[in-house]
Amino acid sequence: LGRCLDEKTDLFEVFSENSLGEVRFLADGTQKKAEYGDFELDDAINNLNGYSKPWNIGKLIEWYSQAENEETRVSFLRVLAASKDPRAAVILGSLLEDRTLKTRVAALYGLMYYFLPSVVGGGTEAHFLYVRKWWEVNKDQIKRRCKRVQYE
């Protein structure tokens, strides 16, 4: 679990610290690195390019809560996950049972790749079981950590 970020922290600085280090091998034999260490994060940032920078955790949470389009909300979820801020984990954990599959999957993989101590093998069903179990065990501690941040 990452640290609670202050409002002055530019998330683009945090992304490099939290990089997943993803690389793709292209048909011509070359490699392409994800700009922010995660190709889904790269796509999410590109989808949100209309939002003014710098981005901080408070702005992102506010923008996420105001977004009405599901694609935009899913992009915000990936960016929030990459922050590794416990407040993002609370948002993602609360969406593991969301009514829309796209949102549930975004929450699932945001938690799995950025908050869990390790990634589990298997398919999406196995991932859901693993992440839901982790969330049930850890959610109270994470929520308490978030409440402390509100008063600091």
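Sequential numbering from 1 along the given sequence is applied to the chain's residues. Predicted model, so just to flag it, every value in this text is computed and none were measured. Excluded from the calculations below are hydrogen atoms, water molecules and symmetry mates; all remaining heavy atoms, backbone and side chain alike, are included.
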Is a donor on one side and an acceptor on the other found under 3.5 Å between the side chain of His127 and the backbone of Met112?
no
Is the shortest heavy-atom distance from the side chain of Phe15 to the side chain of Asp38 under 4.5 Å?
no
CG on Asn56 to OG1 on Thr9, rounded to 0.5 Å:
8.0 Å
Between the side chain of Arg145 and the main-chain N/O of Asp140, is any donor-acceptor distance below 3.5 Å?
no
Does the side chain to side chain contact (heavy atoms under 4.5 Å, CB included) test come out yes or no for Val14 and Asp85, once each step is laid out?
CA-CA 10 Å; Val14 174; Asp85 188 292; over 6 Å; no
Note, Tyr51 side chain near Phe76 side chain (heavy atom, < 4.5 Å)
yes
Do NZ/NE/NH1/NH2 and the carboxylate oxygens of Glu97 and Arg132 come within less than 4.0 Å?
yes
Same cluster or not: are Val74 and Leu96 linked, directly or through other Ile, Leu, Val, Met, Phe, Trp or Tyr residues, by side-chain heavy atoms under 4.5 angstrom apart?
no
Phe39 with Val119, same ILVMFWY side-chain cluster at under 4.5 Å:
no
d(Asn18 CG, Lys84 NZ) to nearest 0.5 Å is 4.5 Å
Should the pair Trp55 and Phe12 be assigned to parallel (<30°), tilted (30 to 60°) or perpendicular (>60°) ring geometry?
tilted
Hey, does Arg87 have a side-chain heavy atom less than 4.5 Å from the side chain of Leu5?
yes
Interatomic distance, OG1@Thr72 vs CG@Leu48, rounded to 0.5 Å, equals 6.5 Å
Working to the nearest 0.5 Å, report the span between CD of Glu70 and CG of Leu101.
8.5 Å
Tell me, do Ile57 and Ile61 make a side-chain contact under 4.5 Å, heavy atoms counted?
yes
Taking all atoms of both residues into account, what is the closest heavy-atom pair of Phe115 and Ala88, and its distance?
CZ-CB, 4.2 Å
Arg78 side chain vs Glu40 backbone, donor-acceptor pair below 3.5 Å
no
Do Leu129 and Val120 have side chains that get closer than 4.5 Å, going by heavy atoms?
no
Any salt bridge between Lys59 and Glu7, counting N to O under 4.0 Å?
no
Assigning hydrophobic clusters by single linkage (Ile, Leu, Val, Met, Phe, Trp, Tyr; side-chain heavy-atom cutoff under 4.5 Å), is Ile91 placed with Phe128?
yes
Can you establish whether the number of heavy atoms outside Lys53 located under 6.0 Å from its atom NZ is more than 12?
yes
Trace of the side-chain hydrogen bond (donor to acceptor under 3.5 Å, both in side chains) decision for Tyr130 with Ser118:
CA-CA 10 Å; Tyr130 182 72; Ser118 62; 3.1 Å; yes
For the backbone of Val23 and the side chain of Gln31, can you confirm whether one donor and one acceptor N or O come within less than 3.5 Å of each other?
no
Asp42 (side chain) donor-acceptor with Glu35 (main chain) under 3.5 angstrom:
yes
Is it the case that the side chain of Arg104 and the backbone of Asp98 share a donor-acceptor pair, with hydrogens and angles ignored and the cut-off at 3.5 Å?
yes
Between Ser19 and Ser16 (side chain of the first, backbone of the second, donor and acceptor by atom type, cut-off under 3.5 Å), is there such a pair?
no
Looking at Glu125, I'd like to know if its CD atom is crowded, meaning that more than 12 non-hydrogen atoms belonging to other residues, nucleotides or ligands lie closer than 6.0 Å.
no
Rounded distance [0.5 Å steps], OG1 in Thr30 versus CG in Asp28:
3.5 Å
Taking C-beta and beyond as the side chain, do Leu80 and Leu92 meet within less than 4.5 Å on heavy atoms?
no
For Glu71, does its backbone N or O pair with a side-chain atom of Ser75 as donor and acceptor, under 3.5 Å?
yes
To the nearest 0.5 Å, tell me how far Tyr113 OH sits from Leu20 CG.
8.5 Å
Tyr114 and Tyr109 aromatic centres sub-6.0 Å
no
